[in-house]
Amino acid sequence: MKVYETKEIKNIALLGSKGSGKTTLAEAMLYECGVIKRRGSVDAKNTVCDYFPVEKEYGYSVFSTVFYAEFLGKKLNMIDCPGGDDFVGGAITALNVTDTGVIVINGQYGVEVGTQNIFRTTAKLKKPVIFAMNQLDGEKADYDNVLEQMKEVFGNKVVPIQYPLSCGAGFNSMIDVLLMKKYSWGPDGGVPTIEDIPAEEMEKAKELHQQLVEAAAENDETLMEKFFDQGHLTEDEMREGIRKGLVDRSIFPVFCVSAEKDMGVRRMMEFLGNVVPFVEDMPIPVDANGNEVKPDSNGPLSLFVFKTTVEPHIGEVSYFKVMSGTLTAGADLDNITRGSKERFAQINCVCGQIKTPVDKLCAGDIGATVKMKDVRTGNTLNEKGCDYTYDGYIKYPAPKYQRAVRPVTESDAEKLSAILTRMHEEDPTWVVEQSKELKQVILSGQGEFHLRTLKWRVENNDKLPIVFEEPKIPYRETITKASRADYRHKKQSGGAGQFGEVHLIIEPYTEGMPAPDTYKFGSQEFKMNVRDTQEIPLEWGGKLVVYNCIVGGAIDARFIPAIVKGLMDRMEQGPLTGSYARDVRVCIYDGKMHPVDSNEISFRLAGRNAFSEAFRSANPKILEPVYDVEVMVPGDVMGDVMSDLQGRRAIIMGMESESGFEKISAKVPLKEMSSYSTALSSITGGRSSFTMKFASYELVPGDVQEKLLKEYAETQTED
């Protein structure tokens, strides 16, 4: 295979909502370039891009798949990305290592929520965008309506390159207003017939051609002057203007295709080969430390590993982008992230599961290698002396769906832990946490299908049966008024015994409150004389503040740390439900000790029990985690979504229209979000999406607290 220089390489991501036809389009592209001799189909489970067993089982893309095509003397590296919102991590990764996004839009359904979400990501990363309106042969296809919707959502930068002469079953021809030609196909698609534009279409074609010329000229002063002088631009001048417009996102060209019938695909690929920016046309990227990393084949060698996976019959495969320099087979590099060394015994260009060995890859190129010693997704590999780093280079969305996971057989817990660690390394949007608080392994992801896919892989690929359960909620306990208690721990069992007595007062803590002075309980008044203060920030949020107010040596100072340990025992396992407690301050003001029987364990137990008694008398409350939730929904189902949210104890904070959709902002308790992704998909037919972010801890309603207390009491009785 030819070695392609940086100036001959283009990196492109295929993006779009689930069902828009990206994988089918990739298959047609590979066929048009001669990479495959026969096109596969998703239904037949024989496509180049969906080759993992789980993808064949479910019938949709789960992983992003790298493939390449040699076309018009250039190398087009492409990544077919999953369309489901649950698998958005693959699309985000792909956009970070490619230079242009081709967003595939279903000509029957138009702009979907997933389309908007991925477009926002391209905007955030400042990537050029080309739209491919697919499935124009579908019975519900409506080009004009979808184009109008696209302009409404994405703005007037949306400019048609082509338009069909008819949609639906009769789709077999279109007008290309860049080349000013008519393209038509036979029933089997493939090579088009290219003719002059019919007279009845000429006026419309000229009008759209003029709009395209103006859009191209806007991006170059020289072209603009020439356009004003001559009223037209040559084909090469238009290409140059469109390329510049793509780079600064001032033009979003629209192509027409039927990927399934291979109509319009070759013409779009010609545009990708001739017009889309090369690697070196794009703004110079920066690494995690803000250093510019110029894609220079003669620069220092630096690789970014953007994906690792275990593939059938191959084993572990590491996918990388050559950010700078030239990688040759046999190169030794330092793994900057993990502090190890790696040898690239073999480097490959990739087309799905087909790996083609090559001698070298230049800056900007994408490749893969197998069986590295210690390489993980997100790692940086450099030659000696190069200090580029890409740790944290890709930012992924926060998880939206959680389940507790355990093996069916308890003895397999260690094996499951290793599998989950490996799978997180393959897909960083699968997040695994061993929760000490909840005593569960919590698996978080982007949605139910995301986690269901992981379960399928563990059970079918690793042959380990697992169980998903409802995760416990990380409640918090606190108090709302001051309270006093004392407790004597006394134990005698022959020889030295145990004795410790602690008197304390507790009250709610708020940041900046003054030091304690005087407390009054009934007719008794307690004057505090603060000798020492400990502020203990709690890792789960809030504080425990402890004041030593002992006078006259009632308790020796050496026992105070033991009392504090007793207090922390109860902060870690609250008296009400066993949840973490927070925001309490304690005044230890009196007590007793024994010259022989007093020891640390005695005062630890006395402090713990005194705290428990005082806590229960301080009008304790349970706090629950509340999340800020934003839901994007079509207007026709907004009422149903609102009703569902209100049934989840949500507080609606606001509503606004955004690009043809309605955005609902709400605060919702985490307890009520457990199955929300599934419910929302059911209510809206999969046409919506949501994000959630932790906001605060808030008091649970009285009826909910009573229920929680009762449930906890039952578990304690069982124990």
Side-chain angles (χ1 to χ4, degrees), residues 1-14 26 29-30 33 35 64-81 93-102 127-128 269 272-273 276-285 287 292-308 317-333 342-370 372 375 377-383 386 388 390 393-394:
M1 179 182 171
K2 174 187 170 182
V3 173
Y4 286 88
E5 301 296 328
T6 303
K7 63 183 180 182
E8 301 171 311
I9 297 168
K10 301 187 178 191
N11 297 321
I12 300 160
L14 287 184
M29 287 174 154
L30 289 165
C33 295
V35 178
S64 58
T65 303
V66 178
F67 66 98
Y68 72 91
E70 297 175 275
F71 193 69
L72 301 178
K74 298 152 185 109
K75 185 183 182 191
L76 307 181
N77 290 313
M78 290 179 270
I79 304 181
D80 176 28
C81 302
T93 298
L95 273 172
N96 274 271
V97 296
T98 56
D99 302 306
T100 301
V102 173
K127 301 290 184 177
M269 289 203 67
L272 297 179
V276 162
F278 289 97
V279 169
E280 60 183 18
D281 293 329
M282 296 297 293
I284 298 173
D287 72 355
E292 286 192 344
V293 185
K294 188 177 181 182
D296 179 2
S297 297
N298 299 314
L301 180 56
S302 180
L303 310 184
F304 172 53
V305 180
F306 64 87
K307 175 182 173 181
T308 55
V317 182
S318 302
Y319 293 83
F320 58 84
K321 181 178 182 180
V322 184
M323 304 296 286
S324 172
T326 299
L327 176 67
T328 55
D332 291 312
L333 297 180
E342 297 286 350
R343 166 160 286 193
F344 283 72
Q346 186 182 79
I347 54 178
N348 305 280
C349 285
V350 185
C351 198
Q353 61 184 326
I354 302 167
K355 313 290 187 289
T356 304
V358 292
D359 293 329
K360 66 179 182 178
L361 293 172
C362 296
D365 214 340
I366 289 173
T369 190
V370 297
M372 305 298 276
V375 171
T377 300
N379 286 183
T380 302
L381 288 93
N382 290 343
E383 68 178 15
C386 178
Y388 296 142
Y390 312 104
Y393 190 64
I394 301 177

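For reference, positions follow the sequence shown, starting with 1. Quick caveat: nothing in here was measured; it's all calculated off a predicted structure.
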Between T98 and I12, does a side-chain contact (heavy atoms from CB on, under 4.5 Å) hold up when you go through it step by step? CA-CA 5 Å; T98 56; I12 300 160; 5.7 Å; no

Just do the side chain to side chain donor-acceptor pair (under 3.5 Å) check on Y390 and S302 with the steps written out, would you? CA-CA 10 Å; Y390 312 104; S302 180; 2.8 Å; yes

Trace of the side-chain contact (heavy atoms from CB on, under 4.5 Å) decision for T380 with D287: CA-CA 10 Å; T380 302; D287 72 355; over 6 Å; no

Side chain to side chain donor-acceptor pair (under 3.5 Å) between T308 and T377, worked out: CA-CA 5 Å; T308 55; T377 300; 2.8 Å; yes

side-chain contact (heavy atoms from CB on, under 4.5 Å) between F320 and F344, worked out: CA-CA 12 Å; F320 58 84; F344 283 72; 3.9 Å; yes

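Here K355 contributes atom NZ and I347 contributes atom CD1; the two are 14.5 Å apart, rounded to the nearest 0.5 Å. To the nearest 0.5 Å, the span separating SG on C386 from CE on M323 amounts to 10.5 Å. With values rounded to the nearest 0.5 angstrom, I9 atom CD1 is found 9.5 Å from E280 atom CD. Taking CG of D365 as the reference point, atom CD of E8 lies at 10.5 Å (rounded to 0.5 Å). From N382, atom CG reaches atom CG of L333 across 7.5 Å, with rounding to the nearest 0.5 Å. Considering CD of E383 and OH of Y388, their distance stands at 10.0 Å, rounded to 0.5 Å.
Atom CG of D359 sits in a sparse spot, with 12 or fewer heavy atoms from other residues, nucleotides or ligands closer than 6.0 Å.
Scanning both residues, I366 and V97, for their nearest heavy atoms gives CD1-O, 4.0 Å. For the pair V322 and C362, the tightest heavy-atom approach, listed with the atom from each and the gap, is CB-O, 3.6 Å. Counting all heavy atoms, side chain and backbone alike, A368 lies closest to V350 at CB-CG2, 3.4 Å. Between G364 and N11, the shortest heavy-atom contact is O-ND2, 2.8 Å. Listed here is the closest heavy atom pair of T369 and M372: CG2-SD, 3.4 Å. The shortest heavy-atom contact between K2 and G73 is NZ-O, 4.0 Å.
Annotation: side chain of V35 is not in contact with side chain of F67 (no heavy-atom distance under 4.5 Å). Counting heavy atoms from C-beta outward, F278 and K74 have side chains that approach closer than 4.5 Å. For the pair T356 and N348, the minimum side-chain heavy-atom distance is 4.5 Å or more. V276 has its side chain out of reach of P128: every pair of non-hydrogen atoms, C-beta onward, lies at least 4.5 Å apart. Between F304 and V293 the shortest side-chain heavy-atom distance does not fall below 4.5 Å. Looking only at side-chain heavy atoms (C-beta outward), D99 and V279 come within less than 4.5 Å of each other. Contact check for K75 versus L361: side-chain heavy atoms found under the 4.5 Å cut-off. Counting only heavy atoms from C-beta outward, the side chains of L76 and M269 approach each other to under 4.5 Å.
Checked by atom type and distance alone, the side chain of S324 pairs as donor or acceptor with a backbone atom of P300 at under 3.5 Å. Remark: side-chain polar atoms of T6 are not paired, donor with acceptor, to backbone N or O of D296 under 3.5 angstrom. When atom types are taken as modelled, the side chain of K127 and the backbone of A13 share no donor-acceptor pair closer than 3.5 angstrom. Under a 3.5 Å cut-off, the side chain of K10 and the backbone N or O of L272 do form a donor-acceptor pair. Counting only distance, with no hydrogens or angles, the side chain of K360 and the backbone of V3 share no donor-acceptor pair below 3.5 Å.
For the pair K321 and F306, the cation-pi criterion (under 6.0 Å, within 45° of the ring axis) is not fulfilled.
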